[in-house]
Amino acid sequence: MRPIPVLLAAALVHVSPALAQEADPAAPASTSPPKPAVQPATPPRLILAISVDQFSADLFAEYRSRYTGGLARLLSGAVFPSGFQSHAATETCPGHSTLLTGVHPARSGIIANYWFDPSTPRADKKIYCSEDERDPASTSAKPVVSSFHLKVPTLGDRLKAANKASRNVAVSAKDRAVVMMGGHAIDAGYWWRDGSFVTLPGRQIAEPAVKANADAAAAIAAGASAMPLPAWCAGKDRPIAVAGRTVGTGRFAFDAGKEGGFRNSPRMDAAVADLAIALTDQMKLGQGKAPDVLSVSFSVTDFVGHTFGTEGAEMCIQMAELDKTIGRLFDALDARGIDYAVVLSADHGGFDLPERANQQGLPEAARITPGLSDQELAKAVRAKTGITAPGDLIYSDGPFGDIYLAGTLSEADRPRALAALVETAKAHPQVEAVFTKAQLAVLPVPVGQPQDWTLIERARASFDETRSGDIVVLLKRSIQPGDGKGAVATHGSPWDYDRRVPILFWRKGLTGFEQPAPVDTVDIAPTLAALLALPVKAGEFDGRCLDIDGGAGDTCAAN
Ligand code: ZN
């Protein structure tokens, strides 16, 4: 649509010919004014940034005709069904780091959930994305939660830098979602750990979270019976055997006292929404002197994907409940008269368990075969070269992604070990590509249409020279890492089932539209910055502003 300067758009609110024509001189003065779709003249008072963890573009496409609640409202806004978490390492921490920073993991520094620092004194050499390992109390298993590793500001950080009155609040079941959406200057941040909402080190648990914890404790203590199966889920309700158990027909009943049954159910998302609403009331979000940001990351779609897969009755129930929960959050903001703008996207997509995919038209879906664990790779490298290390020779967080050689290798041994590692990984029949740090370091970060990026370009968008592995291993399409005994399905691949996510915007008064052309999650922050008339220096975003008004207005015009 034609760009219109913001001031002109503001003028249109008052002199719109459409408005003049619709006004009936015979009507009584008390008649409600017509509601033309005219771009609001002032920035919203609240940005509600929602992440639905593991909400792939495929899930969105599968269920969008069923939504009647909050997701249905978003369907009336600006709909980009083909957004991309365009990088290769499609994990939660990197994905959340792109949403409100406007940069790829290559610039945010958040290359994975976990990476390795072979030079750290820590025995496991493992670093968690949202910890501060300088704190001696922090371990990779029990991290001291921090934004230390995030190299860039979030939207909330930028808003607060521009106006101290802005508040930056983030809530999720996951600490890494809170930290990566909230950033460095979080006014209130809560996540779930071991059965209750907790907050940043040194902070008090505020009254809304005290109440949320009491409510959750009561719900856990009581247990719960089966959740209803919507009639339209009946076709998904089929048992699938995987690793000695059955998935596909779950209803989220749980026994009294079982915290995991509560957490891995739609009730956890509902608790996160309740806490977001309570914090809105306590802090008067969206009703202060400057715009606020409320980030809400709903984790249960991801928990369901990992525990039950993406195509069973469990995910169908979750989609129905999530739609209701998001609707309830919108209704609460409406009831308080808050002028808010919403963005909803996801940190990554997902892929179903191969046991069901094989029955559903995808015979090539398979679980990974042995050979790529760090122990197996180390054994192969030792056999090829005779090289050993005092500790572990190889470090990695799974059978794909970043893989590291020991930091103690001599200058002579390192290139030999690297060559043997590359050769071993490339020989595995389920490996699609292996790239070395040297190959990635010389490439520019890719730009342009993310669906056309080559695999090495996707890997480059995930690459940070100081944090990335000596090699990155990418598995072939439709290969599920893991044997199904823990998680039955996961994500993290460079394939589009893990990269493609919906990006949905909504604000009262904007003209809705659907734009099927691909966009990128790094476009979200520039889009919201323009909506807020927040000045950002050229070159600070990897993404671009998306005009989210399908009418004559241009929400990017302030840029
Ligand atoms: Zn995730």
Side-chain angles (χ1 to χ4, degrees), residues 49-60 83-101 104-105 108 110-115 128-131 143 145 149-150 154 170-182 189 191-193 263-266 268-269 272 295-310 314-315 318-319 322 325-326 343-353 397-398 400-402 458 461-462 480-482 486-503 520-522 524:
I50 299 174
S51 167
V52 175
D53 205 307
Q54 205 187 125
F55 191 34
S56 65
D58 297 325
L59 272 185
F60 173 67
F84 277 78
Q85 288 279 4
S86 49
H87 51 273
T90 48
E91 294 187 333
T92 295
C93 219
H96 278 97
S97 88
T98 72
L99 293 174
L100 294 180
T101 64
H104 299 298
S108 76
I110 307 302
I111 59 161
N113 286 348
Y114 295 92
W115 58 85
Y128 179 54
C129 60
S130 51
E131 74 161 317
V145 172
H149 294 130
L150 180 63
T154 62
V171 190
S172 176
K174 296 189 184 183
D175 63 62
R176 52 189 178 272
V178 167
V179 169
M180 295 304 152
M181 292 185 84
W191 60 91
W192 189 259
R193 183 187 276 186
R263 175 172 30 89
N264 283 331
S265 85
M268 182 77 245
D269 280 347
V272 165
S295 298
V296 183
S297 177
F298 291 115
S299 309
V300 175
T301 304
D302 184 67
F303 297 157
V304 169
H306 287 304
T307 311
F308 305 106
T310 61
E314 301 93 344
M315 187 62 86
Q318 164 60 10
M319 287 290 104
L322 174 73
T325 293
I326 293 173
V343 61
L344 182 146
S345 190
D347 55 340
H348 51 76
F351 186 63
D352 200 21
L353 43 133
D397 186 35
F400 68 105
D402 287 290
R458 298 172 196 193
S462 280
Q480 271 288 5
V488 298
T490 194
H491 48 84
S493 84
W495 303 109
D496 284 358
Y497 48 76
D498 284 341
R499 290 172 82 222
R500 276 182 70 238
V501 294
I503 302 179
D520 197 305
T521 55
V522 298
I524 293 170

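Counting starts at 1 for both ligands and their atoms, following the listed order. Note that these values count all heavy atoms, side chains included, but never hydrogens, waters or copies made by symmetry.
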- Query: Does the side chain of T301 pick up a donor-acceptor pair with the side chain of Q54 at under 3.5 Å?
  - Reply: no
- Message: Could you check whether T92 and D347, counting side-chain N and O atoms only, form a donor-acceptor pair closer than 3.5 Å?
- Response: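 Yes.
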- Message: Return all protein N, O or S atoms below 2.8 Å from the Zn ion (ligand 1), chain by chain in residue order.
- Response: D53 OD1, T92 OG1, D347 OD2, H348 NE2
- Query: F60 vs F55 aromatic rings, parallel, tilted or perpendicular, using cut-offs 30° and 60°?
  - Reply: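 The rings of F60 and F55 stand perpendicular, inter-plane angle above 60°.
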- Aromatic rings Y128 and Y114: how do their planes relate, parallel, tilted or perpendicular, breaks at 30° and 60°?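 Rings of Y128 and Y114: tilted, as their planes differ by 30° to 60°.
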- Query: Would you say the side-chain atoms of S172 pair up with the backbone N or O of F298, donor to acceptor, closer than 3.5 Å?
  - Reply: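 No, because the side chain of S172 does not come within donor-acceptor range (under 3.5 Å) of the backbone of F298.
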- Query: Does H491 use its side chain to pair, donor to acceptor, with the backbone of D498 at less than 3.5 Å?
  - Reply: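 Absent.
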